[in-house]
Engineer: 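This is the structure I have questions about; it appears just below.
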Amino acid sequence: MSARERAIRAEGLSKKFGLSLRQSMKYGLRDVARRLAGRASNSGQLREGEFWAVKDVSFELEQGVALGVMGVNGSGKSTLLRILNGVYAPDAGKVSLRGRVGSLIAAGAGFAPMLSGRENVYVNGCLLGLSPREVTALMDEIVAFAELGQFIDLPVKNYSSGMHVRLGFAIAALSRPDILLMDEILAVGDMNFQKKCFDHILQLKQQGTSIILVSHSPGAIWSVCNRAVFMDRGKVVLDGSAEDVIRAYEDQNARNAMESGEQFDRAQAAHGGSGRQGQLKAQYGHAMGGTGDAVCAAVRLVGWEDGAPKQVFGFAEPIQIEADIEVRSAQEDLLIRYTIDAAHYRFIATLDSYEQGLILPSVRRGNYRLRVSLHQQNFRPGAYTLNVGISRKSVAVHLFYWHNAARFQIEHPKHRFLYSDSNAVMHLDCEFELAQVTVASRF
């Protein structure tokens with residue numbers, strides 16, 4: 001890649017922060033004093049109470065290419081963007097940008113609250129390298145794009161967050177920058193304005209503007225970006241296609257949801273919230289309860305081939321669920337049911353012994369192993385929770401119930417990209433057919 005084609009080059013960028021304001025100020029004053037004295041600072045090493053927000057990040061970006069940056073909260077995305085924009089100086093590494101830079105890092109960032117929107121357009125335009133005459137020539141276009149109308153002469157302190165975003169985007173994008181940096185800024189605003197922004201971003205990219213988009217939205221990254229990077233704990237752990245990075249991001253979110261849920265379960269158990277089989281809660285509203293006539297001692301998901309305990313399954317991979325059931329007194333018409341929860345919804349699926357043909361008219365006292373085989377599961381990638389219930393057909397209360405008895409994750413398929421709404425929980429294979437038809441005129 002020649003220097004003429006390169007718009008951005010980052011080499012070994014690192015940035016650290018103190019865990020408290022006091023520590024940050026103390027270390028900052030020490031570093032300034034060392035530099036004034038002509039001595040090298042210890043910027044490449046962590047001191048007590050510091051952490052790396054960005055660590056050894058390197059990449060290059062060509063003209064007219066859009067790069068997406070994804071990662072869970074706290075992964076260093078916004079810090080990286082602020083280094084590129086010059087808000088933060090890196091503690092190590094260097095960055096070079098070729099051309100005029102427009103940035104949208106936060107709603108209202110860079111605006112003087114007491115000045116009007118029009119006056120802020122001139123201030124920000126000059127900061128972007130435009131002359132007052134050029135800003136005047138663009139003013140009507142900026143006001144029209146931002147849809148502010150007469151409010152352009154209102155002090156921006158009275159603007160809503162949406163008005164801040166519209167004006168900020170209009171200034172940054174209509175100034176025709178060579179490089180455009182954006183940090184999740186398009187999540188604010190109505191659909192029509194978002195569409196207009198995306199259309200303009202794609203137009204800028206076609207005209208040669210290099211774009212870095214930080215976003216939690218797989219749809220935005222996939223729509224705009226040629227490639228993407230996935231950050232975790234300040235480091236770039238994947239640099240590849242937008243599809244590969246979206247897969248990694250959503251799988252990481254599912255793992256985090258699993259870990260958070262397990263931590264909650266442990267904390268609840270430590271405070272006696274879950275109960276045990278010998279001390280079941282007799283009321284609903286607890287994690288575990290029931291009359292205790294039958295209990296489930298353990299639930300586990302196992303691999304289809306080796307039968308080993310497993311929590312992470314591939315997309316469409318068969319699943320087996322095993323449960324250890326103790327029937328403490330003889331039961332008639334026993335019913336055993338699993339329900340499955342997704343991240344945003346409860347009871348998205350039910351696995352019921354009676355509905356699936358396991359009729360249990362009489363079950364003697366004893367210990368049993370229950371196995372459920374899901375030959376064809378169609379859960380979309382994400383984190384899921386399994387609940388257990390044991391009851392009788394003739395008794396309208398639970399002999400036993402257990403919420404969050406087990407958790408499992410479905411990973412993204414490696415050779416298929418599923419990009420639609422992340423709130424969806426089921427995938428249904430089907431065939432699409434589009435055919436043009438002739439409609440007779442009504443007039």
Side-chain angles (χ1 to χ4, degrees), residues 218-219 222 243-244 246-259 261-262 296-325 333-360 363 368-391 393 400-434:
W222 190 60
E243 290 86 351
D244 288 342
I246 290 171
R247 290 189 187 99
Y249 169 72
E250 293 197 330
D251 285 344
Q252 181 66 55
N253 271 333
R255 286 192 295 272
N256 290 348
M258 292 262 294
E259 293 173 3
E262 290 169 353
C296 177
V299 179
R300 55 194 166 272
L301 286 85
V302 300
W304 190 266
E305 296 181 355
D306 58 8
K310 187 175 181 180
Q311 280 191 303
V312 181
F313 295 84
F315 177 73
E317 178 184 350
I319 296 176
Q320 284 192 330
I321 307 169
E322 290 184 352
D324 297 331
I325 307 294
D333 296 324
L334 198 65
L335 305 174
I336 305 173
R337 172 181 289 179
Y338 293 109
T339 60
I340 297 174
D341 299 340
H344 306 290
Y345 308 102
R346 297 189 65 191
F347 307 142
I348 63 166
T350 300
L351 311 174
D352 187 284
S353 61
Y354 184 85
E355 291 178 354
Q356 298 297 331
L358 179 63
I359 310 301
L360 302 171
V363 180
Y368 297 84
R369 173 72 50 82
L370 176 70
R371 180 177 291 110
V372 177
S373 300
L374 279 71
H375 301 279
Q376 293 181 327
Q377 56 89 5
N378 61 346
F379 296 115
R380 291 182 62 85
Y384 297 87
T385 304
L386 191 70
N387 312 300
V388 183
I390 303 176
S391 61
K393 179 181 177 182
F400 177 81
Y401 68 85
W402 186 2
H403 295 297
N404 304 330
R407 299 178 186 275
F408 66 97
Q409 176 189 349
I410 303 298
E411 288 189 315
H412 271 265
K414 298 262 191 295
H415 307 294
R416 187 174 185 177
F417 183 52
L418 304 177
Y419 73 93
S420 60
D421 191 347
S422 58
N423 287 324
V425 294
M426 292 291 177
H427 174 84
L428 301 177
D429 277 322
C430 56
E431 293 183 3
F432 278 73
E433 181 179 351
L434 178 67

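Note that the coordinates shown come from a computational prediction; the quantities given were computed from them, not determined experimentally.
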Engineer: Applying the ring-ring contact (aromatic ring centres under 6.0 Å, His included) criterion to Tyr384, which one of Phe313, Phe408, Phe347 satisfies it?
Structural biologist: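 Going through the options one by one, the only one that passes is Phe408.
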Engineer: Please round to the nearest 0.5 Å and tell me the distance separating atom CD of Gln377 and atom CE of Met426.
Structural biologist: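 Rounded to the nearest 0.5 Å, the CD-CE separation comes to 8.5 Å.
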Engineer: Looking at Leu418 and Arg380, what are the two nearest heavy atoms and their distance?
Structural biologist: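 Nearest pair, atom of Leu418 first, then Arg380: CB-NH2, 3.7 Å.
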Engineer: Over all heavy atoms of both residues, which pair between Asp251 and Ile410 is shortest? Give the atoms and the distance, please.
Structural biologist: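 Looking at all heavy atoms of both residues, the closest pair is OD1-O, 4.3 Å.
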Engineer: Which word best sums up how the rings of His375 and Trp304 line up, parallel for under 30°, tilted for 30 to 60°, or perpendicular for over 60°?
Structural biologist: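 Rings of His375 and Trp304: perpendicular, as their planes differ by over 60°.
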Engineer: Is the closest side-chain heavy-atom distance between Asn387 and Asn404 below 4.5 Å?
Structural biologist: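 Yes, at least one pair of side-chain atoms sits under 4.5 Å.
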Engineer: Do Tyr338 and Thr350 come within less than 4.5 Å of each other through their side chains, counting heavy atoms only?
Structural biologist: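 Not in contact.
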Engineer: Return the minimal non-hydrogen interatomic distance between Ala383 and Ala254, and the atom names on each side.
Structural biologist: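 Result for this residue pair: CB-O, 3.7 Å.
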Engineer: Please name the pair of heavy atoms, one in Arg407 and one in Glu262, separated by the smallest distance, quoted to 0.1 Å.
Structural biologist: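 Minimum heavy-atom contact is NE-N, 3.7 Å.
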Engineer: On a heavy-atom basis, which atom in Ile246 and which in Pro218 lie closest, and how many Å separate them?
Structural biologist: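 Scanning both residues completely, I find the closest heavy atoms to be CD1-O, 3.4 Å.
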Engineer: The criterion is salt bridge (charged side-chain N to carboxylate O under 4.0 Å, His left out); which residues satisfy it with Asp244, sequence neighbours excluded?
Structural biologist: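 Asp244: salt bridge (charged side-chain N to carboxylate O under 4.0 Å, His left out) contacts with Arg247.
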Engineer: Taking the side chain as everything from C-beta on, heavy atoms only, tell me whether Arg300 gets closer than 4.5 Å to Asp324.
Structural biologist: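 A side-chain contact exists here, since the closest heavy-atom pair is under 4.5 Å.
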Engineer: When you look at Trp222 and Glu243, which way does the side chain to side chain contact (heavy atoms under 4.5 Å, CB included) test go after all the steps?
Structural biologist: CA-CA 7 Å; Trp222 190 60; Glu243 290 86 351; 3.0 Å; yes
Engineer: Please round to the nearest 0.5 Å and tell me the distance separating atom CZ of Phe379 and atom CD1 of Ile319.
Structural biologist: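 CD1 of Ile319 is found 6.5 Å from CZ of Phe379.
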Engineer: For a 4.5 angstrom cut-off between non-hydrogen side-chain atoms, does Phe400 reach Ile325?
Structural biologist: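 They are not in contact (no side-chain heavy atoms under 4.5 Å apart), so the answer is no.
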Engineer: Taking all heavy atoms of Asn378 and all of Leu428, pick out the closest pair and write down the distance.
Structural biologist: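 Between these two residues, the closest heavy atoms are ND2-CD2, 3.1 Å.
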Engineer: Working to the nearest 0.5 angstrom, can you tell me the gap between Lys393 NZ and Leu360 CG?
Structural biologist: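 Between Lys393 NZ and Leu360 CG, I get 12.5 Å after rounding to 0.5 Å.
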Engineer: First locate atom OH of Tyr354, then atom CG of Leu334, and finally report the distance between them rounded to the nearest 0.5 Å.
Structural biologist: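 Answer rounded to 0.5 Å: 13.5 Å.
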Engineer: Would you give the length of the straight line joining atom CD of Glu411 to atom CD of Glu317, rounded to the nearest 0.5 angstrom?
Structural biologist: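 Going from the CD atom of Glu411 to the CD atom of Glu317 covers 9.0 Å.
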Engineer: Just by distance, with hydrogens left out, do Gln356 and Asp352 show a side-chain donor and acceptor under 3.5 Å apart?
Structural biologist: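 There is no such pair between these side chains.
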Engineer: Taking the side chain as every heavy atom from C-beta outward, state whether Leu358 and Leu370 have any pair of such atoms under 4.5 Å apart.
Structural biologist: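 They are in contact (side-chain heavy atoms under 4.5 Å apart), so the answer is yes.
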Engineer: For the CD atom of Gln409 and the CG atom of Asn256, what is their distance to the nearest 0.5 Å?
Structural biologist: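 Reported to 0.5 Å precision, the distance equals 9.5 Å.
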Engineer: Could you tell me whether the side chain of Leu351 reaches within less than 4.5 Å of the side chain of Leu374, counting heavy atoms only?
Structural biologist: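 With C-beta onward as the side chain, the pair touches.
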Engineer: Are the side chains of Arg346 and Asp341 in contact, using a 4.5 Å heavy-atom criterion?
Structural biologist: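 Contact flag for Asp341/Arg346 side chains = yes.
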